[in-house]
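The next block holds one structure in the form of structure tokens; read it before the comments.
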Amino acid sequence: MLILGVETSCDETAAAVVEDGKRILSDVIASQIAIHSPYGGVVPELASRKHVEAVLPVMDRALTEAGVSAEQLDAIAVTQGPGLVGALLVGIGAAKAMAYALGKPLIAVSHLEGHMHAAFLGQDPPAEPFICLVVSGGHTALYRVDPDGESHFMGSTRDDAAGEAFDKVAKLLGLGYPGGVEIDRLAVKGDPTAILFPRAFKERDSLEFSFSGLKTSVANYVRAHGLPGDAQGVSGAYRLEDLVASFQEAVVDVLVTKTVKAAQMSGATDVAVVGGVAANSRLRHRLMEATAREGLTLHLPPLRFCTDNAVMIAAAGFTSWKRSGFCPNPLDLDARSRWIAKAYS
Ligand code: KG4
Ligand code: ZN
């Protein structure tokens, strides 16, 4: 089964051709990072306009690189949500038009299910039941994935997502966008124990997260001590590298603790961590240590499948299409910008 995946939920226009949910024939991404970078975050209107410009060329390139004609496709899978509504509508419109013109089935995919499918794109896919932490710019949530493939929600953030905290802290420190990448790079040279930032709910049995208080603590620290090297001259009391390493450690500490707790509570021994923040080097390192210590088996997607891509959408599309008995979605489907639960609740 040849599926063209289309992803435009945020700031990447992506298309990919994947065979049987596994064999990657092409993987094309047009990134908008340079466009949003001066603003320190994604500007929704700019994102939509750039998707409009990029979506057809990106879909064309995905077909060309795969050596597949549009007629050879078995179906077109597209991200229906969650995400920025204007951005989602561009991909959905393009996918619908193609499905209609070619008379091919359209498959609506949850962006979160897409991220979860990235766990199956590595050399060593997880075996159900497994715990999946989805940790990205928009989500921080734990699921238990059962042998029947159903995902069950276990807990999520009450406020900011972990990636959002990375991006907001980076913005307040005047670092580039996306903030997680910059902080990861700088933190390697810092001392993660230099400043003790709060770890919300860490000791509780609940699987909830909260990162907005941590972000405020960093803002208060900077207000009290100044930025290193800033013009006000209150600087010099600490190193930027130590600040970001300490912030990152607080995020990572909670993510690792809650993921291990979820595994212990559910009895699952396989653990997968997916989404943009799963690319974080410190998180990957701490997860490896903690899972080895606790007798758990860790599955991390290859780095390029952590952040948004269309391979994961085509792969998730194949699974959900198969599970539905190859039933297509109607061509009048709409974007679901706040869609968090599909099989999850
Ligand atoms: O999955 P993704 O591409 O988009 C969403 O669905 O949100 O994730 C983007 C998020 C951003 O917040 C970005 O700062 C974060 O993932 N991110 C990272 C790293 N690479 C990307 N956060 C921490 N460390 C990284 N290396
Ligand atoms: Zn994403």
Side-chain angles (χ1 to χ4, degrees), residues 5-14 16 27 29-33 36-37 39-42 44 47 78-84 87-88 91 109-119 121 132-141 156-157 160-173 175-188 190 192 211 214-215 244-245 247-256 272-287 300-313 315-316 337-340:
V6 180
E7 154 65 39
T8 64
S9 68
C10 192
D11 59 346
E12 322 277 7
T13 317
D27 173 15
I29 301 181
S31 171
Q32 300 182 1
I33 286 178
H36 301 289
S37 200
Y39 305 95
V42 178
V78 66
T79 306
Q80 187 182 11
L84 301 168
L88 287 165
V109 175
S110 144
H111 186 75
L112 294 187
E113 284 203 350
H115 273 304
M116 289 168 81
H117 269 74
L121 297 170
C132 190
L133 171 70
V134 183
V135 63
S136 68
H139 303 278
T140 302
S156 67
T157 181
D160 292 351
E164 192 179 352
F166 270 100
D167 294 339
K168 286 178 176 171
V169 165
K171 188 173 179 181
L172 113 100
L173 295 172
L175 303 173
Y177 169 83
V181 180
E182 292 298 318
I183 289 179
D184 192 351
R185 198 175 49 79
L186 265 178
V188 173
F211 295 107
L214 170 61
K215 172 196 67 195
V244 296
F247 156 76
Q248 177 178 268
E249 199 66 7
V251 177
V252 166
D253 218 9
V254 179
L255 293 174
V256 172
V273 180
V274 301
V277 182
N280 184 269
S281 58
R282 183 69 182 160
L283 177 62
R284 292 172 88 93
H285 176 75
R286 291 272 319 267
L287 281 166
L300 292 169
L303 283 181
R304 71 191 179 107
F305 298 131
C306 289
T307 43
D308 290 348
N309 64 85
V311 171
M312 67 184 196
I313 301 303
S337 64
R338 294 183 177 278
W339 187 19
I340 357 209

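Counting starts at 1 for both ligands and their atoms, following the listed order. The structure presented is a predicted model; accordingly, all values stated were derived computationally and were not measured.
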Check: Could you give the distance from CD (Gln248) to CZ (Phe166), rounded to the nearest 0.5 Å?
Finding: 4.5 Å
Next item on the list: If you have a sec, work out which protein heavy atom is nearest atom 9 (C) of ligand 1 and how many Å separate them, to one decimal?
Entry: Gly137 N, 3.8 Å
Check: Would you find a donor on one side and an acceptor on the other, under 3.5 Å apart, between the side chain of His117 and the backbone of Glu113?
Finding: yes
Margin query: Show, in sequence, the C-alpha distance, side-chain angles and deciding distance for Asp11 and Tyr177, and conclude whether the side chain to side chain contact (heavy atoms under 4.5 Å, CB included) test is met.
Written below: CA-CA 12 Å; Asp11 59 346; Tyr177 169 83; 2.9 Å; yes
Checklist line | Polar contact flag for Val181 and ligand 1 (N/O pairs, less than 3.5 Å) | finding: no
Margin query: Checking the N or O distance criterion of under 3.5 Å, is ligand 1 in contact with Phe166?
Written below: no
Check: Residues two or more places apart in sequence or in another chain: which of them pass salt bridge (charged side-chain N to carboxylate O under 4.0 Å, His left out) with Asp27?
Finding: Arg304
Note to self: Quick test: of every protein heavy atom, which one is nearest to atom 21 (C) of ligand 1, and how far off is it to 0.1 Å?
What the structure shows: Gly276 O, 3.4 Å
Check: Would one find an N or O of Thr307, backbone or side chain, under 3.5 Å from an N or O of ligand 1?
Finding: no
Check: Going by distance only, is there an N or O of Gly163 that falls short of 3.5 Å from an N or O of ligand 1?
Finding: yes
Notebook entry, point to check: If you count the atoms of ligand 1 from 1 in the order shown, which ones are under 4.0 Å from a heavy atom of Asp167?
Noted result: 11 (C), 12 (O), 13 (C), 14 (O)
Check: Quick one: does Arg282's side chain have a donor or acceptor within less than 3.5 Å of a partner on Asp184's backbone?
Finding: no
Notebook entry, point to check: Against heavy atoms of Gly138, which atoms of ligand 1 measure under 4.0 Å?
Noted result: 7 (O)
Next item on the list: Consider ligand 1: state whether an atom of it lies below 4.0 angstrom from any non-hydrogen atom of His111.
Entry: yes
Next item on the list: Could you establish whether His115 and ligand 1 come within less than 4.0 Å of each other, counting only heavy atoms on the residue side?
Entry: yes
Next item on the list: Starting from atom 24 (N) of ligand 1, find the nearest protein heavy-atom neighbour and note its residue, name and distance.
Entry: Asn280 ND2, 3.0 Å
Next item on the list: Would you check, one step at a time, whether the test side chain to side chain contact (heavy atoms under 4.5 Å, CB included) holds for Gln32 with Thr13?
Entry: CA-CA 8 Å; Gln32 300 182 1; Thr13 317; 3.9 Å; yes
Check: Taking 4.0 angstrom as the limit, do Glu249 and Arg286 come out as a salt bridge?
Finding: yes
Check: Can you list the steps and then say if Thr8 with Thr79 is a side chain to side chain contact (heavy atoms under 4.5 Å, CB included)?
Finding: CA-CA 7 Å; Thr8 64; Thr79 306; over 6 Å; no
Note to self: Can you tell me how far apart SG (Cys306) and CG (Asn280) are? Round to the nearest 0.5 Å.
What the structure shows: 10.0 Å
Notebook entry, point to check: So do the side chains of Ser31 and Glu12 get within less than 4.5 Å of each other, counting heavy atoms only?
Noted result: yes
Check: Nearest to atom 2 (P) of ligand 1, what protein heavy atom do you find, and at what distance?
Finding: Asp308 OD1, 3.3 Å
Note to self: Nearest 0.5 angstrom please: Glu7 CD to Leu88 CG, how far?
What the structure shows: 8.0 Å
Checklist line | Side chains of Asp308 and His115, donor plus acceptor under 3.5 Å | finding: yes
Checklist line | Atoms of the protein (N/O/S only) found under 2.8 Å from the Zn ion (ligand 2) | finding: His111 NE2, His115 NE2, Asp308 OD1
Margin query: Could you tell me, atom by atom, which parts of ligand 1 come under 4.0 Å of a heavy atom of Ser136?
Written below: 1 (O), 5 (C), 6 (O), 7 (O), 8 (O)
Check: Can you tell me which residue and heavy atom of the protein come closest to atom 22 (N) of ligand 1, and the distance to 0.1 Å?
Finding: Gly180 CA, 3.3 Å
Notebook entry, point to check: Would Thr140 and Leu255 satisfy side chain to side chain contact (heavy atoms under 4.5 Å, CB included), going step by step from the backbone distance to the final call?
Noted result: CA-CA 9 Å; Thr140 302; Leu255 293 174; 3.8 Å; yes
Notebook entry, point to check: Quick one: CD1 on Ile313 to OG on Ser110, what's the gap to the nearest 0.5 Å?
Noted result: 7.5 Å
Next item on the list: Would you kindly specify which portion of Asp184 sits under 4.0 Å from ligand 1, judged on non-hydrogen atoms: side chain, backbone, both or neither?
Entry: side chain
Margin query: Measuring from non-hydrogen atoms of Ala279 to any atom of ligand 1, is the shortest distance under 4.0 Å?
Written below: yes
